[in-house]
Peer 1: 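Got a structure here, written out as structure tokens. Questions coming.
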Amino acid sequence: MAEYKHLEVEKKWQQYWQENKIYEVSIDPSKPKYYILDMFPYPSGAGLHVGHPLGYIATDIISRFKRLKGHNVLHPMGFDAFGLPAEQYAIQTGQHPAITTETNIGRYKEQLTNLGFSYDWSREVRTSEPSYYKWTQWIFKQLFNSWYNKDSDKAEHIDTLIASFTKTGNHSINAVCDDDVPAFSSADWNSWSEEAQQRMLLKYRLTYIAETTVNWCPALGTVLSNDEVKDGFSERGGHPVVKKSMAQWSMRITAYADRLITGLDKIDWPEPIKDMQRNWIGKSYGAEVDFAIENSDKKIRVFTTRIDTIYGVSFMVVAPEAEIVQYLTTPEQKQVVEDYIAVAKNRSERERMSDVKTVSGVFTGSYVLHPFSGEKIPVWIADYVLAGYGTGAVMAVPSGDQRDFDFAKHFDLPIVQIIDSQKITDTEADATKEGRMINSGILDGLTPPEAIDKAIAEVEQKGIGVRKVNYRLRDAIFGRQRYWGEPIPVHFKNGIPYLLEDNELPLNLPEVDKYLPTEDGAPPLGRADNWQYKDGTPYELTTMPGWAGSSWYFFRYMDPDNDQEFASEKALDYWQQVDFYMGGSEHATGHLLYSRFWTKFLYDMGFIKVDEYAKKLVNQGMIQGRSNFVYRVKNENKYVSFGLRKEFDTYPVHVDVNIVKDDILDMEAFKSFRPDAEDAEFVLENGKYICGWEVEKMSKSKYNVVNPDDLVEKYGADTLRMYEMFLGPIEQSKPWNTNGIEGVYKFLRKFWTLFHNNREDEFVVSDEPASKEELKILHGLLKKIEDDIERLSLNTSVSNFMIAVNELGALSCNKRAILEPMVITLAPFAPHLSEELWSLLGHNETIFNASFPVFDPTHLVEDSFEYPIMVNGKMRAKIQLGADLSKEEIESQALAHPNVQKWTEGKPPKKVIVVPKKIVNVVV
RNA sequence: GCGGAUGUGGCGAAAUUGGUAGACGCACUAGACUUAGGAUCUAGCGCCGCGAGGCAUGGGGGUUCGAGUCCCUCCAUCCGCACCA
């Protein structure tokens, strides 16, 4: 009997696509463009598991659908090829990371090809290729050559800043820059040496070197950005991370903090992602106020969002790392303060965080004076105050802030109620904003919001404070003490960085003997011979972080081979921005934020015309592992089936999910999986060994990795693709479960047999016109499929296919009139299968560029409405109505229908919507 | 603690604007065909009940002729942020 040979068919068509460059696209102004993008993968050594392609399958379906709707679809793929695993493998084995990366990419491409994706591989990019990172370096140069002008609210070329300095100094400049910039005049500027001028400019550049507290990971020997640290451990590898002060390259992303928030309003991204970004940026409105230190000309500046509570301040707290500490500490307190700071320094970030509840701190011996009341207020040091946020000092209001409250209780400091409605208990402060101010001098009787305005006006008038917006977002650390990354295109003269010329790019990654730091602790690039500029000055030793290359790759796909520009104006104008971006939500505060930052920068500088790169973003859910277990009896070579395990003293043992089907263990395979089970005894239920299961992360050690290659081999790519869609909503996370894949496989065979002779492997199609019933099935399907795909309900569209094919199968329908639109409809799901059929029809030329109006079924009037009415005595019916009839006419037409009666029970429906042409359909 | 999401049969799940809850698939049951098979086909399949019928979308309450869907409240699970002043 003839059957569908998926392996032959798929291989044949993949070859055909490749040879005929079917999926290569070029600029075509006659068609609307559609740019649909997947997050490019890091090619790890483990290859793709069954979870990775989920998003790729969805975007491939939409790509094919859009092509059939007449769009010119850009659907590229590439590799985020710089990364830590290849470097660590290199450290262990000495193998150059480029070789490892090349091998892994080869494997990835093979797997992706087997899955039948319609990528334009001619546009592939790899971030580790010099022809690509040349342009990453070029963008770095642009950032270095720019400053952020708050007045125009955009980045500008550094020359405009130099021009101002030369003419008027920095008095009229309103820039985002380092905190320690002094005021200077044009005379000052012009008198400075070249070196001094460069040092000053560095404080303004959008990428700059500054002494900053960084996340240092000793195990990895490198710094990490905030988003690469999770709970005090490195995201990759899970090594402890400590704070350390170092001179570092940074990117002034904080300049864009506000625009990164407001920009979210105009893009169609999932609300959780937007919230995470807003949270991460952490904008808060408040004020900064100076508290003068008693018997000193110094002062402590604090940031507060609740300046209304200023009369409730009963002490001040300064972070242990704050510079001001040295001026505050009195001789008597010197020892305890130094001890406390030493302890705080040695505590890792992790310890500090896990120890949130312990209250600790020391008194400095100094007092400040309350700016309004002039009262003496003691100054303490405590590590609950973070050096990195605000000014590193807080005014403590124990009545309104829980942390201040706990501190006050612990050290027996006064707690003053300042709002009449405050309910302060023995253990809890009350942060209310309701009520009226009390015990608050000039603020008495005001509501807190009024008090905020009045207090700010007061401090501004006194010149001791200012209204201030604060952000949680920090500048992004840009240098990594690693080998496998983009070299930073600068060289140093007298410690000042100078850029390489454009024609000196790319600055290629040099060869090194080992991928480890040098003996004196310099990064691996310190091992390279002649790592210096042509004039003999040294190059930078750190490389760029992983997010550099991925922050602009979506533009490179538009014009990947261009060696004059990162992409031509023509390509950028045509493709504009990504219309549909699919990827994981784990990149919310990393890649997805950094690339918005770079996009806005490139926009400011006029290189691109969009300031958001992705119109719509969808997060595919994560596929988790579904581990299987067998239950071994303690101290015996005996395994008990799941249902009986409680009758014995057992413990669960992971078993390879690939030797378990429908939770039934293949006992023979198990014996070779665990050789020591060769002579094991199995306690069965109903003659079967049933395994238990649990949802865990997919990983080799849990034996729950399902390899897509095996499934493609067994069932074909089409089956796997459809099954992954069938699994559930695309956005939802779910455990992988191969149970049920047979159902999809059966469906595809059924479809194939509709048009193939049962006895011989022969394609048979009838030229008879389709019957009314057959057409109804077809058009119903077309309508549903279009709706399903457009609202991204790919799981139901698979179901709808199955239903239609089953119905047609029941009618033994093999008509050409059905087949052609079916094939187009089916194409997004079963590219190999359907295109095979299509070619047999002799249309293989057209399918790939076709624009058929098949998705416009005209038998239903658009904008139809429902009119609730009784049908068959039940209180429910939908009547779909056309336009231009009165309510009475509609009703009489409806009532003319044999099954429809007038509404009689209860109140009439509230919603009586009547309008359009005529009654087109009564749905019972 | 703050923010977000999810909760429907034995399982994955459908239900597009409030209108026959459980489509489709898996698993299961019975039957047919068969060289007895992990193939194919047919039928059944939420729960209780012989039945008529009753009860069912995490729990409780509300709006409505009508609620999985809208509102209030509680519970559970998952994710993100977390001493951010």
Side-chain angles (χ1 to χ4, degrees), chain A residues 1 3 230-231 270-280 282-284 286 302-307 309 317 319 352-353 355-359 382-386 388-397 400-404 406-407 431 470-473 585-586 588-589 621-622 624 661-664 666 693 695 722-723 726-729 731-735 737-744 746-747 749-750 753 784 787-788 790-791 793 795-803 806 865-866 868-872 874-878 903-911 913 923-924:
Chain A
M1 189 166 113
E3 66 176 294
K230 294 264 180 289
D231 298 332
E271 211 46 51
I273 294 283
K274 291 187 182 182
D275 275 339
M276 281 160 78
Q277 294 204 344
R278 285 189 197 105
N279 253 318
W280 189 258
K283 185 176 187 176
S284 54
V302 299
F303 172 76
T304 177
T305 55
R306 292 296 301 272
I307 196 172
T309 63
V317 191
R352 204 162 143 169
M353 280 194 292
D355 201 18
V356 171
K357 284 176 192 95
T358 317
V359 177
D383 67 1
Y384 82 85
V385 173
L386 304 174
Y389 181 77
T391 61
V394 302
M395 54 176 230
V397 183
D401 182 287
Q402 192 59 41
R403 293 153 301 165
D404 297 344
D406 294 339
F407 196 84
N470 214 359
Y471 297 93
R472 202 186 76 111
L473 184 72
S585 59
E586 67 272 21
T589 53
M622 251 215 290
Q624 297 137 306
K661 199 185 161 212
D662 296 337
D663 291 332
I664 298 165
D666 177 340
W693 62 274
V695 174
M722 288 184 72
Y723 183 60
F726 188 67
L727 227 41
E731 287 108 328
Q732 192 175 300
S733 285
K734 55 224 160 195
N737 187 348
T738 312
N739 300 355
I741 195 169
E742 303 266 354
V744 174
K746 252 188 260 178
F747 158 73
R749 288 200 314 242
K750 226 180 268 173
T753 44
K784 278 183 202 142
D787 291 350
D788 285 341
E790 247 144 38
R791 68 197 167 92
S793 183
N795 50 335
T796 48
S797 63
V798 175
S799 296
N800 285 326
F801 275 139
M802 293 187 183
I803 296 167
N806 274 337
F865 294 94
E866 288 173 26
I869 202 156
M870 303 259 296
V871 174
N872 289 340
K874 288 188 179 177
M875 261 197 303
R876 187 210 153 259
K878 276 199 289 199
W903 186 271
T904 52
E905 288 176 36
K907 279 194 249 171
K910 263 185 193 167
K911 198 179 76 175
I913 307 166
V923 185
V924 179

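In what follows, chains are A, B, ... by sequence order, proteins preceding strands, each numbered from 1.
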Peer 1: Rounded to the nearest Å, what distance is computed from the CE atom of residue A:Met276 to the P atom of nucleotide B:rA5?
Peer 2: 13 Å
Peer 1: Restricting to side chain to side chain donor-acceptor pair (under 3.5 Å), what partner residues turn up for A:Asn470, sequence neighbours left out?
Peer 2: none
Peer 1: Just the rounded figure in Å: distance from P of B:rA5 to CG of A:Asp275.
Peer 2: 8 Å
Peer 1: For the P atoms, the ones on B:rC26 and on B:rU40, what distance do you get once it is rounded to whole angstrom?
Peer 2: 10 Å
Peer 1: Nearest-Å distance, CD (A:Glu742) to P (B:rC11)?
Peer 2: 21 Å
Peer 1: Enumerate the protein-to-nucleotides 12-15 of chain B contacts in which both atoms are nitrogen or oxygen and the separation is below 3.5 Å.
Peer 2:
from, atom 1, to, atom 2, distance (Å)
B:rG12, O2', A:Leu727, O, 2.6
B:rA13, OP1, A:Gln732, NE2, 2.5
B:rA14, OP1, A:Asn795, ND2, 2.7
B:rA15, OP1, A:Arg791, NH1, 3.4
B:rA15, OP1, A:Arg791, NH2, 3.4

Peer 1: Taking atom C1' in both B:rG58 and B:rA76, compute the distance separating them and give it to the nearest angstrom.
Peer 2: 7 Å
Peer 1: How many whole angstroms separate atom CD of A:Gln402 from atom C1' of B:rC2?
Peer 2: 14 Å
Peer 1: Name all stems that contain residues of RNA chain B, defined as runs of 3 or more consecutive Watson-Crick or G-U wobble pairs, both distances under 3.5 Å.
Peer 2: B:1-7 with B:75-81, B:10-12 with B:24-26, B:28-32 with B:40-44, B:46-48 with B:53-55, B:58-62 with B:70-74
Peer 1: For the C1' atoms, the ones on B:rG19 and on B:rU64, what distance do you get once it is rounded to whole angstrom?
Peer 2: 12 Å
Peer 1: Go through the structure and list residues passing salt bridge (Lys or Arg N to Asp or Glu O under 4.0 Å) with A:Asp275, not counting sequence neighbours.
Peer 2: A:Arg278
Peer 1: Distance between the C1' atoms of B:rG31 and B:rA13, in whole angstroms?
Peer 2: 29 Å
Peer 1: Round to the nearest Å and state the distance from A:Asn739 atom CG to B:rA27 atom P.
Peer 2: 8 Å
Peer 1: Using the test salt bridge (Lys or Arg N to Asp or Glu O under 4.0 Å), find all partners of A:Arg749 that sit at least two apart in sequence or belong to another chain.
Peer 2: none
Peer 1: Whole Å only: how far is the NZ atom of A:Lys274 from the P atom of B:rG3?
Peer 2: 19 Å
Peer 1: Using the salt bridge (Lys or Arg N to Asp or Glu O under 4.0 Å) criterion, which residues pair with A:Lys283? Sequence neighbours excluded.
Peer 2: A:Asp258
Peer 1: Just to verify, what does A:Glu790 make a side chain to side chain contact (heavy atoms under 4.5 Å, CB included) with, not counting sequence neighbours?
Peer 2: A:Phe65, A:Lys69, A:Glu786
Peer 1: Residues two or more places apart in sequence or in another chain: which of them pass side chain to side chain contact (heavy atoms under 4.5 Å, CB included) with A:Thr305?
Peer 2: A:Ser284, A:Phe303
Peer 1: Tell me every residue that passes salt bridge (Lys or Arg N to Asp or Glu O under 4.0 Å) with A:Arg306, counting only those two or more places apart in sequence or in another chain.
Peer 2: A:Asp308
Peer 1: Can you name the side chain to side chain contact (heavy atoms under 4.5 Å, CB included) partners of A:Pro270, sequence neighbours left out?
Peer 2: A:Pro272, A:Ile273, A:Leu617, A:Asn619
Peer 1: Partners of A:Ser799 by side chain to side chain contact (heavy atoms under 4.5 Å, CB included), sequence neighbours excluded?
Peer 2: A:Phe726
Peer 1: As a test of reading the structure: which of B:rA23, B:rC83, B:rC81 is closest to the side chain of A:Ile803, going by heavy atoms?
Peer 2: B:rA23
Peer 1: Enumerate all atom pairs, one protein N or O and one N or O from nucleotides 40-43 of chain B, separated by less than 3.5 Å.
Peer 2:
from, atom 1, to, atom 2, distance (Å)
B:rU40, OP1, A:Arg749, NH2, 2.9

